[in-house]
2 protein chains.
Amino acid sequence: MTKDTDAANATTLSGRAGFLLSELGSRSAGRFAVRLGPLGIAPKHYGLMELLSRNEGLTQQQLGTTLGIHRNVMVGLVDDLEKRGLAERRRHPTDRRAHAIHLTESARGLLPLARSIADEHETELLSVLDGPERAQLLALLQRLAAQPGRPADVHPGLRGSRP
Amino acid sequence: MTKDTDAANATTLSGRAGFLLSELGSRSAGRFAVRLGPLGIAPKHYGLMELLSRNEGLTQQQLGTTLGIHRNVMVGLVDDLEKRGLAERRRHPTDRRAHAIHLTESARGLLPLARSIADEHETELLSVLDGPERAQLLALLQRLAAQPGRPADVHPGLRGSRP
DNA sequence: TGTGATTGTCACTTAAGATGATTATATTCG
DNA sequence: CGAATATAATCATCTTAAGTGACAATCACA
């Protein structure tokens with residue numbers, strides 16, 4: 001690819017990585033939300049559950065900080081999970097102001113299902129690429145995501161939900 | 001990378017291409033919006049102007065269809081550009097229901113500036129990758145974006161704006 | 001000619017996040 | 001000890017952006 005075609009592509013928007021990232025990310029999130037629909041949860045709930053499954057008993061504040069979500073928003077998120085019987089607020093063992101958030105049994109049953117839906121989604125998304133290409137893309141994306149000023153495994157990606 | 005580490009990564013969210021795409025896209029759009037701020041336009045306006053610069057005199061409907069934006073929303077978008085003196089609604093030569101949307105002189109002066117901002121943004125975004133890697137990433141993203149059921153150069157990417 | 005479709009507009013609704021105040025509790029320090 | 005300050009969660013409110021449905025003007029076509 002010559003510099004000329006690069007430049008020509010650049011004004012086509014779809015020649016810019018930033019634009020493609022934004023568009024693909026948005027579409028991907030949208031489709032994932034649709035897939036998750038039958039489970040009665042949105043991508044943000046799945047992300048939260050995934051975090052909880054590895055970190056029982058965190059406070060809402062801690063969850064929020066880890067996920068890059070404001071604590072006021074976490075209230076609603078935990079509300080959602082609680083209403084669907086997927087999480088519960090227990091008394092925090094040492095801080096009576098805080099809640100310790102735990103997954104329910106039901107959530108532990110649902111999580112593998114949600115994971116397999118995420119797998120399907122991933123497969124569909126990457127279906128036009130062969131094995132090595134997928135690995136390559138993943139590696140490149142991870143390097144972009146690892147850039148400084150960017151805490152690990154933290155989302156504003158949870159925003160792009162919209163079911 | 002073994003299958004084991006793949007599987008381990010997958011439950012880490014940041015091991016999933018879909019999640020990374022969504023997160024990186026959202027961040028990228030956010031930062032681009034900030035960069036564009038001083039010009040008084042959002043990414044969606046830039047995208048529209050880019051389209052108009054190559055297609056003078058389209059109707060709002062046509063613009064909307066091309067960009068994947070509902071015509072009701074196009075009303076507001078064109079309003080925005082008009083208020084900032086960047087676009088004008090002229091009489092459509094053959095259809096008195098429709099407007100022919102044109103860029104103003106001022107917009108033609110602004111566009112190169114906006115493009116250079118987009119270039120800077122692109123450079124920052126990809127700064128951790130070397131030349132060949134950037135080309136590789138771009139190629140992979142374009143292949144994903146070219147998947148069927150996906151009209152070319154069309155955005156829901158314009159959604160991810162939020163300045 | 002008249003019937004149905006299309007263009008742009010507007011008013012209304014919905015969804016989601018941001019903000020600020022409030023209550024209960026914890027921590028710090030004089 | 002006790003007062004001042006900070007923190008956890010909640011709630012009410014605001015803003016923003018998109019989706020919906022209704023409408024007038026105009027077009028297309030039978």
Side-chain angles (χ1 to χ4, degrees), chain A residues 22-23 26-27 29-30 33-34 36-37 40-45 47-48 57-83 87-102 154-163, chain B residues 22-23 26-27 29-30 33-34 37 41-45 47-48 57-83 87-102 154-163:
Chain A
S22 173
E23 169 174 332
S26 169
R27 283 187 180 273
V34 169
L36 238 28
I41 59 174
K44 54 190 177 185
H45 301 125
L48 178 52
L58 291 190
T59 68
Q60 296 180 190
Q61 183 93 270
Q62 290 171 321
L63 293 170
T65 303
T66 308
L67 294 178
I69 290 171
H70 193 274
R71 70 196 205 288
N72 296 13
V73 178
M74 274 302 306
V75 173
L77 236 42
V78 175
D79 279 353
D80 291 343
L81 288 186
E82 212 173 33
K83 271 179 211 133
E88 51 184 16
R89 290 181 231 242
R90 301 192 192 156
R91 274 222 303 270
H92 189 98
T94 66
D95 188 337
R96 273 192 295 176
R97 294 171 302 181
H99 295 143
I101 312 299
H102 290 259
V154 162
H155 328 179
L158 293 187
R159 299 174 192 154
S161 306
R162 183 187 339 102
Chain B
S22 172
E23 169 174 331
S26 169
R27 282 185 180 274
V34 169
I41 59 173
K44 55 190 176 185
H45 301 125
L48 179 52
L58 292 189
T59 67
Q60 296 180 190
Q61 183 92 272
Q62 290 171 320
L63 292 170
T65 303
T66 308
L67 294 178
I69 290 172
H70 193 273
R71 73 195 204 288
N72 297 14
V73 177
M74 273 304 304
V75 174
L77 236 40
V78 175
D79 280 353
D80 292 343
L81 288 186
E82 214 173 32
K83 271 180 212 134
E88 52 185 16
R89 290 181 230 241
R90 300 190 192 156
R91 274 223 302 272
H92 189 97
T94 66
D95 188 338
R96 275 191 295 175
R97 291 171 303 180
H99 295 143
I101 312 299
H102 290 260
V154 161
H155 329 178
L158 293 188
R159 298 173 192 156
S161 306
R162 181 189 340 104

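The analysis underlying the following values was restricted to heavy atoms, covering all of them including side chains, and did not include hydrogens, waters or symmetry mates. Below, read A as the first sequence line, B as the second, and so on, with proteins coming before strands; counting in each chain starts at 1. These numbers were taken from a predicted model, which means no experiment stands behind them.
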Base-pairing string, 5' to 3', of DNA chain D - Watson-Crick or wobble, under 3.5 Å, | interstrand:
||||||||||||||||||||||||||||||

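With rounding to whole Å, B/N72 atom CG is found 20 Å from D/dT16 atom P. The separation between A/H70 atom NE2 and D/dT15 atom P is 18 Å, rounded to whole Å. Between B/I101 atom CD1 and C/dG8 atom C1' the separation is 10 Å, expressed in whole Å. If you take CD1 of A/I69 and C1' of C/dT19, they are 17 Å apart, rounded to a whole angstrom. Rounded to an integer number of Å, the gap from NE2 of B/H99 to P of C/dT6 is 19 Å.
No contact: A/H92 has no heavy atom under 4.0 Å from any strand.
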Which atoms of nucleotides 23-27 of chain D (N or O only) lie under 3.5 Å from a protein N or O atom, and what are those distances?
unit_1: D/dT26; atom_1: O2; unit_2: B/R97; atom_2: NH1; d: 3.4
unit_1: D/dC27; atom_1: OP1; unit_2: B/R96; atom_2: N; d: 2.8

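Distances shorter than 4.0 Å separate some side-chain N or O of B/R89 from OP1 or OP2 on C/dT9. Contact between the side-chain N/O atoms of A/Q60 and the OP1/OP2 oxygens of D/dT10 is found at a separation under 4.0 Å.
Ranked by how close their nearest DNA chain D nucleotide is to the 5' end, B/V73 and A/V75 are led by A/V75.
Residue pairs meeting the salt bridge (Lys or Arg N to Asp or Glu O under 4.0 Å) criterion with at least one partner in residues 63-79 of chain A, sequence neighbours excluded, are A/D79-A/R89.
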